[in-house]
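Below is one structure, written out as structure tokens; the observations come after it.
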Amino acid sequence: MQRIYFDNAATTAIDPLVLEAMMPYFTEKFGNPSSIYSYGRETKMAIENARKSVAKHIGAKPAEVFFTSGGTESSNTAIMGAVNDLGCKYIITSSMEHHATLYTVQAIAAKNNLQIGYVHVLPNGELDLEHLQQLLQQSTEKTLVTLMHGNNEIGTILPIEKVGKLCQEFGAIFHTDAVQTIAHYPLDVATIHVHLLSGAGHKFHGPKGVGLLYINENIKISSLLLGGGQERNMRSGTENLYGIVGFATALDLAMQRYEKDSAYIQSIKNYMWQQLQKAVPTIVLHGKLQDSLYTVLNVGFVNTPKAEMLLYRLDMEGICISGGSACSSGANSVSHVIKAIANGSDVIPIRFSFSRNNTMQEVDVVIEKIKAVLEK
Ligand SMILES: Cc1ncc(COP(=O)(O)O)c(C=O)c1O
């Protein structure tokens with residue numbers, strides 16, 4: 001059976017060019033980067049070249065780029081560091097964050113008896129920036145603002161420069177989860193006034209298990225892991241060498257292809273929405289069609305016994321889509337993000353998320369299958 005993969009916000013297929021760049025580090029170039037002889041020097045060099053390349057793409061200095069095991073570790077390190085090392089005593093976030101942020105914020109707040117301010121969510125899934133400003137104004141403590149750049153479930157995008165300016169105005173530490181936007185948009189940490197930023201390689205045709213943590217040079221936080229002091233003491237443990245090489249190669253490739261790929265993927269998203277509306281007139285859009293992640297289309301089907309079976313029935317046909325976020329792919333419970341915007345309405349949310357590997361023909365096939373499930 002030919003499968004159709006419309007779940008690229010969960011993870012993406014590795015690009016063959018990325019795999020090619022990684023391969024030598026699985027085989028002949030296997031040295032431990034901490035070793036002082038030639039095997040180690042060549043792999044250390046590969047990591048430092050990857051760091052320079054990543055830094056260049058996000059407008060950072062190489063010394064501000066740290067490689068981790070993924071988005072979850074980066075956000076955990078950033079949030080815990082802001083509280084433990086930078087003295088943040090009040091945390092502003094939103095109910096729309098990925099659990100890597102939300103649960104970390106809730107755990108550290110509970111442990112240290114800190115208050116959390118949740119920025120109001122507008123009906124279209126965007127955040128109410130006036131409310132963010134009020135929260136910042138009311139805060140009497142050193143504040144951490146942690147808000148995601150692109151929402152993995154409904155695709156809304158944070159006006160990150162505005163938020164960066166607000167944080168700057170009120171002297172707050174700003175962390176952003178850019179897992180869904182890095183390599184999908186040009187990002188320049190200098191112009192967004194962000195202190196900490198998280199990314200993950202597997203969301204842009206790179207390998208799994210490798211992430212980025214950007215830490216602005218003016219702040220100093222400590223590592224979650226103690227050990228050999230790799231990554232200049234920010235991330236002990238022998239480096240994920242091939243992962244790091246793959247991360248940098250995938251980012252490089254994505255930025256080279258950005259104009260072409262982003263326009264193409266947005267056209268697939270537009271077409272899917274057009275065809276869905278024709279096929280299922282009662283369908284609703286969660287989030288926005290334009291000015292949101294071009295990779296993500298989240299819709300709500302009226303809750304009927306047939307619609308409830310959609311994910312399962314489409315899976316039987318080889319169509320891979322998600323009902324919620326990646327970690328709950330396949331689960332039929334309504335996610336915390338949809339709950340935040342759906343206003344109690346009873347819908348079956350489905351997320352279609354696209355990559356450069358998808359085609360319009362695949363959209364046509366999926367639409368026909370959806371019609372068949374709902375009509376049968
Ligand atoms: C927005 C967002 N943040 C964080 C994560 C976690 O990243 P990782 O799986 O690399 O730990 C994900 C992945 O699902 C995500 O989409």
Side-chain angles (χ1 to χ4, degrees), residues 5-14 18 54 66-80 93-107 121 125-127 146-158 160 163 175-185 187 194 196-214 224-225 235 237 240 242-244 246-248 250-251 254 286-287 292-298 320-331 335-338 340-341 349 351-355:
Y5 186 74
F6 276 180
D7 201 16
N8 290 277
T11 198
T12 52
I14 201 155
V18 174
V54 170
F66 299 89
F67 294 110
T68 66
S69 67
T72 302
E73 185 188 326
S74 295
S75 292
N76 271 258
T77 309
I79 293 163
M80 295 203 194
T93 188
S94 86
S95 57
M96 311 276 286
E97 301 302 303
H98 190 274
H99 284 147
T101 294
L102 216 46
Y103 289 165
T104 310
V105 165
Q106 287 164 357
V121 178
E126 292 182 321
L127 295 184
T146 173
L147 294 172
M148 71 201 310
H149 189 198
N151 187 283
N152 53 304
E153 290 197 46
I154 58 168
T156 42
I157 294 183
L158 186 75
I160 198 161
V163 173
H175 163 248
T176 192
D177 168 350
V179 167
Q180 294 289 342
T181 51
I182 183 165
H184 294 283
Y185 294 88
L187 264 179
V194 71
L196 298 149
L197 177 144
S198 310
H202 68 112
K203 307 290 187 180
F204 51 91
H205 305 285
K208 293 172 185 51
V210 59
L212 158 75
L213 177 58
Y214 159 80
L224 295 183
L225 302 177
R235 213 281 170 173
N240 177 1
Y242 23 77
I244 291 170
F247 185 105
L251 176 59
H286 293 143
S292 69
L293 294 180
Y294 53 81
T295 45
V296 172
L297 176 67
N298 194 313
C320 308
I321 51 173
S322 157
S325 69
C327 41
S328 55
S329 282
S335 81
H336 65 293
V337 174
I338 301 300
I341 59 162
R351 180 185 69 181
F352 303 95
S353 53
F354 311 103
S355 80

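Because only heavy atoms are used, hydrogens play no part in the values below, and waters and symmetry mates are left out as well, while side chains stay in. The first residue in the sequence is number 1, and the count goes up from there. One-based numbering, in listed order, for ligands and for the atoms of each.
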Subject >> Closest candidate by heavy atom, reference atom 5 (C) of ligand 1, pool H98, H99, H202 >> reply: H98
Original post:
Quick one: does ligand 1 sit under 4.0 Å from the side chain of E73, the backbone, both or neither, non-hydrogen atoms only?
Top reply: neither
Original post:
Does T72 approach ligand 1 within less than 4.0 angstrom via side chain, backbone, both or neither, non-hydrogen atoms only?
Top reply: both
Subject >> R351 CZ to N152 CG distance, which is reported to the nearest 0.5 Å >> reply: 6.0 Å
Subject >> Nearest-0.5 Å distance, CG of residue N8 to CZ of residue F352 >> reply: 13.0 Å
**OP:** Examine ligand 1 and decide if any of its atoms is less than 4.0 Å from a heavy atom belonging to E97.
**Re:** no
Please could you name the atoms of ligand 1 that [X] approaches to less than 4.0 Å, counting only its heavy atoms?
X    : result
K203 : 12 (C), 13 (C), 14 (O), 16 (O)
M148 : 1 (C)
N152 : 1 (C), 16 (O)
A200 : 10 (O)

Original post:
Would you say ligand 1 has an N or O under 3.5 Å from any N or O of G70?
Top reply: no
Original post:
Does S69, backbone or side chain, put an N or O under 3.5 Å from an N or O of ligand 1?
Top reply: no
Subject >> Expected output: side-chain N151 to main-chain M96 donor-acceptor under 3.5 Å >> reply: yes
Original post:
Have H149 and T176 got a donor and an acceptor in their side chains that come within less than 3.5 Å?
Top reply: no
Subject >> Pair S198-H175, side-chain donor/acceptor within less than 3.5 Å >> reply: yes
**OP:** Report the residues that fulfil side-chain contact (heavy atoms from CB on, under 4.5 Å) with A254, sequence neighbours left out, ordered by chain and then residue number.
**Re:** A183
Original post:
In this structure, are over 12 heavy atoms from other groups packed under 6.0 Å from Y185 atom OH?
Top reply: yes
